[in-house]
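Everything on this sheet refers to the single structure shown next.
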Amino acid sequence: MAASWLVLLALCLLLPLLLLGGWKRWRRRRAARHVVAVVLGDVGRSPRMQYHALSLAMHGFSVTLLGFCNSKPHDELLQNNRIQIVGLTELQSLAVGPRVFQYGVKVVFQAMYLLWKLMWREPGDYIFLQNPPGLPSIAVCWFVGCLCGSKLVIDWHNYGYSIMGLVHGPNHPLVLLAKWYERFFGRLSHLNLCVTNAMRKDLAENWHIRAVTVYDKPASFFKETPLDMQHRLFMKLGGMHSPFRARLEPEDPATERSAFTERYAGSRLVTRLRERPALLVSSTSWTEDEDFSILLAALEKFEQLILDGHNLPSLVCVITGKGPLREYYSRLIQQKCFQHVQVCTPWLEAEDYPLLLGSADLGVCLHTSSSGLDLPMKVVDMFGCCLPVCAVNFKCLHELVKHEENGLVFEDSEELAAQLQMLFSNFPDPAGKLNQFRKNLRELEQLRWDESWVQTVLPLVMDT
């Protein structure tokens, strides 16, 4: 860590020369139809920016995507010769001085580091920036755009200051400063995209920023998983996570069996087990805007219903994702004494996550939005796989989840437990509510990301 900070200190001292050198380089080289995409976060966990890059490449742009490389992006991104991923180093806070001082120093160094990385890249017609995180990337990208003539496009996923407010409180000086910064520099962009109509309206009324709503849509690889692929996935995950393993070994040793499926040795035919457990899936970034104690409490109530003799299946609950509160909730899960419920918290490869959603029986979403203006992309992905969803209610959820049509909306653990009981009663029931929701999703024929992007974003980048 000390070495990285020394390198950054050297960068600060050499910054004037680096800026001059980068500016001369820009003056010599300027490629048409090139876009620089920036996310000051993990590229592998930033699907919307991956989709932007793929769509831009599909329509003739070359793309340089800058971000942290903590987890593997989707193979389509890695294999596209029009897309270059440039890894950024994630800077850790100094362990010296007050927390405000540590945070301030980190922001300053991140700004100079990002500026240096952008200065020595081929400039683009556009700089696509994900916000949040926008501190300090909005200001840096605007400054770079001024130098090289790039148009800044901000894709508003949420408000960064509202996420900070979950930790520090809405009236903390840092939060108020972040709000001013986001509003001031956000107005300097050329184009703005956002994820909901509610956010578009809020940006216009309170920030005087005109934005275009670009709803999250599932990519083409989010679809129902064929049964043989489900079996392969379950066998693979069973090697690492016990809930996916068979409860009883098959009589024929050549027969493959998971907790949900089995493949016969002779015919290689895959079938679902008659007494299989139900598979419930949730995904999360393990942050403060998702309260997983609601799900754990509902699972306890579901367990008690089984013990009381209700006709309900055993349950495998898979919660996938990475984030700061993962260890906290893992400890809570370990303290539970479930008999008929198994919970595991794997991190899945990018190619396995759509397969899991396409194999599950029900999705659960606990995202509440720090601003109340963004929508959970995990639900979009689940709907792409025709997976019904139970989602906790918040202000603009109605733009995505239609209660009693493509899923259910709940307020607390009591209501969620009642929904689980209703949906899984007599499981698997072909005439049940769960299958009706799935049928509704199949008939919906929703737009995919590429189709939506061509209608909303492509005209903007072509016209300007």
Side-chain angles (χ1 to χ4, degrees), residues 224-225 227-250 255-263 270-284 286 290 292-307 310 312-323 325-366 378 381-382 385 387-390 416-417 420-421 423-424 427-428 434:
E224 291 185 82
T225 306
L227 190 56
D228 61 330
M229 293 184 69
Q230 290 186 31
H231 178 73
R232 289 201 294 270
L233 176 68
F234 295 149
M235 294 302 294
K236 175 182 176 180
L237 294 176
M240 298 169 283
H241 306 286
S242 61
F244 290 93
R245 297 174 196 154
R247 307 300 183 265
L248 296 172
E249 292 300 323
T255 297
E256 289 182 346
R257 181 179 290 176
S258 72
F260 308 93
T261 56
E262 66 180 355
R263 185 195 296 273
V270 177
T271 61
R272 291 187 175 91
L273 296 178
R274 293 181 62 184
E275 300 296 326
R276 69 182 179 93
L279 179 56
L280 183 151
V281 175
S282 186
S283 61
T284 177
W286 296 112
E290 291 180 289
F292 269 82
S293 65
I294 295 174
L295 176 58
L296 295 180
L299 292 178
E300 286 185 303
K301 294 177 176 68
F302 187 85
E303 166 97 358
Q304 188 58 51
L305 289 168
I306 297 176
L307 295 175
H310 290 264
L312 295 168
S314 297
L315 194 62
V316 172
C317 175
V318 182
I319 307 171
T320 177
K322 289 181 180 177
L325 296 179
R326 184 182 180 186
E327 291 303 316
Y328 167 75
Y329 280 110
S330 294
R331 288 194 296 271
L332 289 183
I333 292 167
Q334 290 169 6
Q335 294 169 10
K336 304 298 180 184
C337 299
F338 291 128
Q339 299 178 43
H340 301 279
V341 175
Q342 292 178 286
V343 183
C344 64
T345 58
W347 168 251
L348 299 179
E349 296 176 10
E351 285 69 41
D352 287 342
Y353 177 61
L355 297 178
L356 179 66
L357 295 187
S359 306
D361 298 300
L362 179 67
V364 170
C365 175
L366 294 158
K378 68 197 77 178
D381 297 337
M382 290 172 182
C385 296
L387 179 63
V389 171
C390 293
L416 175 58
L420 295 180
Q421 180 184 6
L423 293 172
F424 287 129
F427 176 87
L434 200 58

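FYI, side chains are in, hydrogens and waters are out, and symmetry mates aren't considered; it's all heavy atoms of this structure.
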Problem set entry | Pair Val364-Cys317, side-chain contact (heavy atoms from CB on, under 4.5 Å): steps then yes or no | CA-CA 10 Å; Val364 170; Cys317 175; over 6 Å; no
For [X] against [Y], the heavy-atom pair lying closest together:
{"X": "Phe234", "Y": "Ser359", "value": "CZ-CB, 3.8 Å"}
{"X": "Arg247", "Y": "Pro277", "value": "NH2-CG, 3.7 Å"}
{"X": "Gly321", "Y": "Trp286", "value": "O-NE1, 3.3 Å"}
{"X": "Phe260", "Y": "Arg276", "value": "O-CD, 3.8 Å"}
{"X": "Cys385", "Y": "Pro354", "value": "SG-O, 3.8 Å"}
{"X": "Cys344", "Y": "Phe244", "value": "SG-CE1, 3.9 Å"}

Atom [atom1] in [X], atom [atom2] in [Y]: separation rounded to 0.5 Å?
{"X": "Glu349", "Y": "Leu356", "atom1": "CD", "atom2": "CG", "value": "12.5 Å"}
{"X": "Leu348", "Y": "His241", "atom1": "CG", "atom2": "NE2", "value": "7.0 Å"}
{"X": "Leu296", "Y": "Lys301", "atom1": "CG", "atom2": "NZ", "value": "10.5 Å"}
{"X": "Leu355", "Y": "Leu237", "atom1": "CG", "atom2": "CG", "value": "9.5 Å"}
{"X": "Cys390", "Y": "Leu366", "atom1": "SG", "atom2": "CG", "value": "10.0 Å"}
{"X": "His310", "Y": "Gln421", "atom1": "NE2", "atom2": "CD", "value": "5.5 Å"}

From [options], residue fulfilling side chain to side chain contact (heavy atoms under 4.5 Å, CB included) relative to [X]:
{"X": "Leu279", "options": "Leu387, Asp361, Leu315, Leu362", "answer": "Asp361"}
{"X": "Leu227", "options": "Met229, Gln230, Glu224", "answer": "Gln230"}
{"X": "Leu280", "options": "Leu423, Val343, Leu420, Val341", "answer": "Leu420"}

Exercise. Side chains of Val318 and Pro243: does their closest heavy-atom pair fall under 4.5 Å?
Worked result: no
For this session: Report yes if some heavy atom in the side chain of Asp352 is under 4.5 Å from a heavy atom in the side chain of Pro346; otherwise report no.
Result: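 Side chain of Asp352 against side chain of Pro346, heavy atoms only: no contact under 4.5 Å found.
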Kindly say whether [Y] contributes a backbone atom to a donor-acceptor pair with the side chain of [X] at under 3.5 angstrom?
{"X": "Lys378", "Y": "Ser283", "value": "yes"}
{"X": "Glu303", "Y": "Gln339", "value": "yes"}
{"X": "Arg257", "Y": "Glu262", "value": "no"}

Exercise. Side-chain donor-acceptor pair under 3.5 Å between Tyr353 and Thr320, yes or no?
Worked result: no
For this session: Begin with the C-alpha distance, continue with both residues' side-chain angles, and end with the deciding distance and a verdict on side-chain contact (heavy atoms from CB on, under 4.5 Å) for Leu307 and His340.
Result: CA-CA 9 Å; Leu307 295 175; His340 301 279; 3.7 Å; yes
Problem set entry | Single hit among Thr225, Thr261, Thr271 for side chain to side chain donor-acceptor pair (under 3.5 Å) with His231 | Thr261
